[in-house]
Number of protein chains: 2
Amino acid sequence: MASDHTRSAILAAAERLYADRGFGDVTLRDIVAEAGVNLAAVNYHFGSKDELIAELFVTRSIATNRERLRELKAAEEQGGGRAPIEVILRALVGPTLRGCLGPENQRSTAARFMIRASIESVPPIRRIKNREIDHLRKFAGAMRRSLPDRSDVDIYWGLNFALAMAHHTIRESERLTKLSEGKCDLDDVEDVVARVVSVATMALTAGRSEAKAPSKVAAR
Amino acid sequence: MASDHTRSAILAAAERLYADRGFGDVTLRDIVAEAGVNLAAVNYHFGSKDELIAELFVTRSIATNRERLRELKAAEEQGGGRAPIEVILRALVGPTLRGCLGPENQRSTAARFMIRASIESVPPIRRIKNREIDHLRKFAGAMRRSLPDRSDVDIYWGLNFALAMAHHTIRESERLTKLSEGKCDLDDVEDVVARVVSVATMALTAGRSEAKAPSKVAAR
DNA sequence: GATAGTTTCATACAACTGTTTGAATTGCAA
DNA sequence: TTGCAATTCAAACAGTTGTATGAAACTATC
């Protein structure tokens, strides 16, 4: 094991290249060239290309999930087991948004890698994502405790929409900038977080009857 | 040109295979085998694999966009140039949701293909998507006319969030079903449309000051 | 029914992919 | 130093990919 230098050089190079160019057109040869190591080193240290990708993704996922749960737990402890819904939602979408948006030069390689992972869903990553449900369930639980009057269905839809707004904004941030001709400032991350949390909160706290039939006009 | 039989057989086979297995692992050889034509036919009729994919995507995009604009125009004409925001949003997300959700066996190949296209963004499709901005601008215009007091920034964010909820729900429909243990019924498309429209409407019509600072707790 | 243009076909090509091999090198313990 | 395991390396492998080629088959026109 000695130095682990080769191993971590591969990880760093792979993350950087995937972040920049996507999974589609980055080959093992690109990675080892960038890392300055031998081609066979990847299979020696990771077993296969897929396992290399999986390791990268797992590492970053764990970090984000831990950050999310840390915020959630802190909030619930402070509120005696019940946190305000805004704070829960903030814990859910905040870490991801903060990691992936903000000024270009401040966006970490790790964050850009995770954006790629969310855009180009590649087999090894898809397998891991399926395990993320347990993590989301913890948030669903906290939301239920925060809004005990709300039905489970509404809770899940609220959770779904919160993630939707956060992830879509990240994925399509370029398009939103272009569409709005720069008027939507995606570098102001805290504003984005506030907007997402605000809308998701409204979705979860609006009068129940309106959820299914918002108005006579919009109703089927 | 004669019969066009080969050409359309390729298109049909390609759409079916891409819908079922994704772009990643469908080769030209798979397509021509499914279509019962010769390998060289693809390059003869379409020029390249990318142009085949692009043609498929453009065809389907045009159909959806036309449907959207048809609904939008009808609504604006009925309202004398100003449609209620709910109706505009419904025209924006309805056609896509209706095409891509609903009972599995009713989902057309075309719809499943478009889901794939939204999940696995492949170069030729990405190029086309960038041209879709003009289309979205028409909706932004209608929304502005419907909500003249709203700032442009709020309009664009509302548009962004509406698309976010619709697309994310389509992309992650399986996960939502699993997470909610079947409680969220994605086969009831009109309910999904109503939920998305409802939340997007709230996002666009809520008190302006709250948009940026929903509450003292959630504010930075 | 010959001719010209279009379409199909089998086949080859060139490039690239992830992975394997077995020998060379290194680092460390005895 | 010697010995042994861990690591690195160049090279080759086997498979797949999209594309190109040139001959064959077809189709319609005169």
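The chains referred to below are lettered A, B, ... by the order of the sequence lines, with proteins before strands, and numbering in each begins at 1. All figures in this text were calculated on a predicted structure; none of them were measured in a lab.
- Spacing between atom CG of D50(B) and atom C1' of dT19(D) amounts to 12 Å, rounded to whole angstrom units.
- Not one side-chain nitrogen or oxygen of N38(B) sits closer than 4.0 Å to the OP1 or OP2 atom of dT7(C).
- Note: CG (N43(B)) to P (dT8(C)) measures 14 Å, nearest angstrom.
- Between T6(A) and dT8(D) there is a side-chain polar atom (N or O) within less than 4.0 angstrom of OP1 or OP2.
- Protein atom CG of L28(A) is 15 Å distant from nucleotide atom C1' of dT16(D), rounded to whole Å.
- Along DNA chain C, the nucleotide closest to L39(B) and the one closest to R7(B) are compared, and the more 5′ of them pairs with R7(B).
- For T27(B), counting side-chain heavy atoms from C-beta on, the closest listed nucleotide (dT19(D), dT17(D), dG18(C)) is dT17(D).
- Distance from the side chain of H45(A) is smallest for dT8(D) among the nucleotides dT19(C), dT8(D), dG18(D).
- Taking for each of A41(A) and K49(B) the nucleotide of DNA chain D with the nearest heavy atom, the 5'-most of the two is the partner of A41(A).
- In this structure, F46(B) places its CZ atom 16 Å from P of dA20(D), rounding to the nearest Å.
- The main-chain N or O of I155(A) is never found under 3.5 Å from a side-chain atom of R144(A) such that the two would form a donor-acceptor pair.
- Between I31(A) atom CD1 and dT19(C) atom C1' the separation is 14 Å, expressed in whole Å.
- In this structure, CZ of R29(B) is placed 13 Å from P of dA10(C), rounded to the nearest angstrom.
- Ion pair R98(B)/E67(B) not flagged as a salt bridge, since none of the NZ, NE, NH1 or NH2 atoms sits closer than 4.0 Å to an Asp/Glu carboxylate oxygen.
- The pair D191(B)-R195(B) counts as a salt bridge, with a side-chain nitrogen and a carboxylate oxygen less than 4.0 angstrom apart.
- Here the side chains of M114(B) and F57(B) are in contact, with some heavy-atom distance below 4.5 Å.
- For the pair H5(A) NE2 and dG27(C) P, the computed distance is 13 Å after rounding to whole Å.
- If you measure from atom OH of Y44(B) to atom P of dG5(C), you get 13 Å, rounded to the nearest angstrom.
- For the atom pair CG (D154(A)) and NZ (K183(B)), the distance works out to 12.0 Å, reported to the nearest 0.5 Å.
- When each of dG18(C), dA10(C), dG18(D) is scored by its nearest atom to the side-chain atoms of A40(B), the top-ranked nucleotide is dA10(C).
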